[in-house]
**Student:** 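Supplied in structure tokens, the structure appears directly below.
Numbering starts at 1 and runs along the sequence shown.
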Amino acid sequence: MNKHWMIAAAACLLAGAAVAQDSVTYGEIAVVSGADGTVVMGEEVTAGKEAKAAKKAAEAKKASAKAQLKAKQQAAGDKATQAANEASLKKGEPKLKVNTTTTTTNVYDVSIKDKKGTSDYGIIEESYTNAQGKTSTDGVAYSNYTPSRAARANEKHAEISFAVGQTYSFNKDSDKDRYASNGIAAGASVLWDMVPHFGMGLDYMFLHPDGKSHNGRNYHQFRAHNIALGGKYTINVWDNLRVYMPMGAGLMNAHLKTNAASGNTSKDKWGASLYAGLGLQYDFSANLFAGLEYRYTYAFISDKHLSDFGRDKDLQFHSVFLRLGTRF
């Protein structure tokens with residue numbers, strides 16, 4: 001009897017559970033006790049799928065509520081911070097101090113010009129006055145030198161020049177007739193400045209007066225080559241228009257051909273020579289110059305060594321040159 005009752009009770013319990021829900025086993029073991037003993041009705045307590053879904057929905061809703069609360073708290077915090085900042089700004093922040101500086105510049109300039117060039121001296125003075133009225137002064141001194149054309153020319157210590165002009169000889173034969181008239185003269189020189197006023201170097205002259213004829217005596221091919229150690233003394237080296245004196249000593253080779261009824265001769269002779277003169281030179285630039293030059297040349301060569309009609313007089317020449325040269 002008791003056994004049949006227990007089986008019926010178990011069947012009713014299982015049917016009720018099946019009608020109430022789709023079961024999923026969770027929890028602890030379920031046990032039914034009776035007078036005839038103990039019977040295990042299931043291994044675990046069951047829970048329905050709808051209850052599980054409701055649980056998940058509740059947990060999601062709770063998580064969403066937490067997120068919304070957190071967002072509201074953060075927004076409230078940001079708003080409070082902004083309000084605090086605005087309140088602080090309304091109280092006023094300290095302003096930056098403006099330090100106004102006034103600068104005054106004065107230039108004191110002196111210019112001195114002479115034949116050597118132009119010298120500029122000066123001081124640039126600056127005064128600084130700040131907002132408190134304190135003044136400080138600072139200055140810079142400067143100088144500037146601009147050399148003149150003459151100064152730039154004198155910086156170059158060597159020159160080379162070429163000359164062309166006319167020459168004339170005063171020598172006369174035994175009948176006191178001149179050997180020649182005006183003729184061509186040319187020359188070249190290379191000089192090195194030993195000091196600002198004086199230069200030395202090599203000088204060459206070619207003198208070729210035109211021969212003359214007198215009563216059956218014909219003089220022609222009268223010429224002289226002169227090589228010398230030359231010098232040039234400049235009086236005013238700091239001017240663009242300069243006065244100078246050429247001078248030199250060397251050797252001359254003279255030649256003269258004579259045609260006469262008594263016979264023809266052609267003779268040459270070497271001898272020492274000297275020359276001196278006066279020149280006027282203009283500097284077009286620091287490199288280029290030109291001028292006029294006069295020279296008197298004396299050769300220790302007697303005319304009797306050049307012609308049978310000689311008077312035993314040493315040769316003398318007067319020459320005028322147009323000279324063009326450059327410095328380097």
Side-chain angles (χ1 to χ4, degrees), residues 160-191 199-233 244-280 290-325:
I160 182 170
S161 63
F162 300 92
V164 62
Q166 289 281 306
T167 187
Y168 182 78
S169 173
F170 285 93
N171 288 91
K172 298 178 180 180
D173 61 11
S174 56
D175 291 340
K176 296 184 179 182
D177 294 321
R178 298 187 184 281
Y179 293 107
S181 59
N182 295 347
I184 296 173
S189 65
V190 179
L191 303 176
M200 290 185 65
L202 293 176
D203 184 89
Y204 167 75
M205 283 188 294
F206 173 69
L207 307 176
H208 188 16
D210 288 338
K212 298 186 73 173
S213 299
H214 307 281
N215 298 324
R217 302 184 309 276
N218 298 318
Y219 303 106
H220 54 98
Q221 297 183 8
F222 188 15
R223 58 178 179 266
H225 298 275
N226 191 77
I227 301 175
L229 177 64
K232 178 181 178 182
Y233 178 79
Y244 67 94
M245 293 182 294
M247 61 197 73
L251 292 173
M252 177 180 285
N253 173 261
H255 172 81
L256 179 62
K257 187 174 183 179
T258 305
N259 297 121
S262 58
N264 300 327
T265 60
S266 179
K267 298 182 178 181
D268 294 271
K269 180 66 176 177
W270 281 94
S273 64
L274 298 170
Y275 73 86
L278 187 66
L280 185 65
L292 290 173
E293 180 180 308
Y294 163 77
R295 287 188 182 188
Y296 168 72
T297 305
Y298 187 96
F300 295 90
I301 301 174
S302 174
D303 61 350
K304 73 177 183 178
H305 297 295
L306 298 176
S307 175
D308 294 338
F309 302 96
R311 297 176 58 198
D312 197 15
K313 297 291 183 179
D314 290 341
L315 300 180
Q316 301 176 58
F317 300 90
H318 297 270
S319 306
V320 177
F321 296 95
L322 174 63
R323 186 173 293 274
L324 180 67

**Student:** Is the shortest side-chain heavy-atom distance between S262 and F309 below 4.5 Å?
**Tutor:**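 Touching, per the 4.5 Å side-chain cut-off.
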
**Student:** Between D175 and N215, is the side-chain contact (heavy atoms from CB on, under 4.5 Å) condition met? List the steps.
**Tutor:** CA-CA 10 Å; D175 291 340; N215 298 324; 5.9 Å; no

**Student:** Using the salt bridge (charged side-chain N to carboxylate O under 4.0 Å, His left out) criterion, which residues pair with D177? Sequence neighbours excluded.
**Tutor:**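 D177 satisfies salt bridge (charged side-chain N to carboxylate O under 4.0 Å, His left out) with R217 only.
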
**Student:** What is the distance from atom CD1 of I301 to atom CE of M252, rounded to the nearest 0.5 Å?
**Tutor:**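 If I round to the nearest 0.5 Å, the distance is 6.0 Å.
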
**Student:** Checking H220 side chain against T258 main chain: does a donor-acceptor pair fall under 3.5 Å?
**Tutor:**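 Flag not set: sc H220 to bb T258 has no pair under 3.5 Å.
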
**Student:** Considering non-hydrogen atoms only, spot the tightest contact between K304 and K267 and give its length.
**Tutor:**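 Residues K304 and K267, closest heavy atoms: O-NZ, 4.4 Å.
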
**Student:** Which heavy atom in N171 sits nearest to a heavy atom in Q316, and how many Å separate them?
**Tutor:**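 Smallest heavy-atom distance, with atoms named: OD1-N, 2.9 Å.
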
**Student:** Does a donor on one side chain and an acceptor on the other come within less than 3.5 Å for N226 and S273?
**Tutor:**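 A pair is found: one side chain offers a donor N or O, the other an acceptor, under 3.5 Å apart.
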
**Student:** Any side-chain heavy atom of S319 sitting closer than 4.5 Å to one from L207?
**Tutor:**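 When only atoms from C-beta onward are counted, L207 and S319 do touch, with a gap below 4.5 Å.
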
**Student:** Quiz question: by atom type and distance under 3.5 Å, do the side chains of S181 and D210 form a donor-acceptor pair?
**Tutor:**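 No pair is found: no donor N or O on one side chain lies under 3.5 Å from an acceptor on the other.
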
**Student:** Under a 3.5 Å cutoff, is there a donor and acceptor pairing between the side chains of H214 and Y219?
**Tutor:**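 H214 vs Y219: no donor-acceptor pair found between side chains.
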
**Student:** Please step through side-chain contact (heavy atoms from CB on, under 4.5 Å) for the pair L202 and I227, ending with a clear verdict.
**Tutor:** CA-CA 8 Å; L202 293 176; I227 301 175; 5.5 Å; no

**Student:** Once you round to the nearest 0.5 Å, how far does CG of N259 lie from OG1 of T265?
**Tutor:**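 The OG1 atom of T265 is 7.5 Å from CG of N259, to the nearest 0.5 Å.
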
**Student:** How far apart are the closest heavy atoms of G230 and Y275, and which atoms are they?
**Tutor:**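 Of all heavy-atom pairs spanning G230 and Y275, the closest is CA-OH, 3.4 Å.
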
**Student:** Would you name the heavy atoms of A180 and P209 that are closest together and state the gap between them?
**Tutor:**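 Scanning both residues completely, I find the closest heavy atoms to be CB-CB, 3.5 Å.
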
**Student:** Which value, rounded to the nearest 0.5 Å, describes the distance between L278 atom CG and L292 atom CG?
**Tutor:**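 Those atoms lie 10.5 Å apart.
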
**Student:** Tell me, please, which residues at least two apart from D314 pass salt bridge (charged side-chain N to carboxylate O under 4.0 Å, His left out).
**Tutor:**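 Testing D314 for salt bridge (charged side-chain N to carboxylate O under 4.0 Å, His left out), a comparison that skips the adjacent residues, returns none.
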
**Student:** Quick check for you: to the nearest 0.5 Å, what is the distance between L274 atom CG and T297 atom OG1?
**Tutor:**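 So the CG of L274 and the OG1 of T297 are separated by 9.5 Å.
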
**Student:** Which residues satisfy the salt bridge (charged side-chain N to carboxylate O under 4.0 Å, His left out) test with D303, sequence neighbours excluded?
**Tutor:**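 With neighbours one apart ignored, the set is empty.
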
**Student:** Tell me the closest heavy-atom pair linking P246 and G279, and the distance in Å.
**Tutor:**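 Between these two residues, the closest heavy atoms are CD-N, 4.2 Å.
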
**Student:** Do you know the tightest heavy-atom contact between L229 and G201?
**Tutor:**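 That would be CD1-O, 3.4 Å.
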
**Student:** Kindly indicate whether the side chain of F162, heavy atoms from C-beta on, has any atom under 4.5 Å from the side chain of L324.
**Tutor:**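 Not touching, per the 4.5 Å side-chain cut-off.
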
**Student:** For the pair R323 (side chain) and G291 (backbone), establish whether a donor and an acceptor sit closer than 3.5 Å, ignoring hydrogens and angles.
**Tutor:**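 Answer holds: no.
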
**Student:** What class does the angle between the rings of Y168 and F170 fall in, given that below 30° is parallel, 30 to 60° is tilted and above 60° is perpendicular?
**Tutor:**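 Y168 vs F170 ring planes: perpendicular.
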
**Student:** Strictly distance-based, threshold 3.5 Å: is any side-chain N or O of H318 a donor or acceptor partner for the main-chain N or O of S169?
**Tutor:**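 Side chain of H318 to backbone of S169: no pair is present.
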
**Student:** Could you give the distance from OH (Y296) to CZ (F317), rounded to the nearest 0.5 Å?
**Tutor:**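 Atom-to-atom, Y296:OH and F317:CZ are 10.5 Å apart.
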
**Student:** Going from NE2 on H225 to CG on L251, what distance comes out if it is rounded to the nearest 0.5 angstrom?
**Tutor:**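 Reported to 0.5 Å precision, the distance equals 13.5 Å.
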
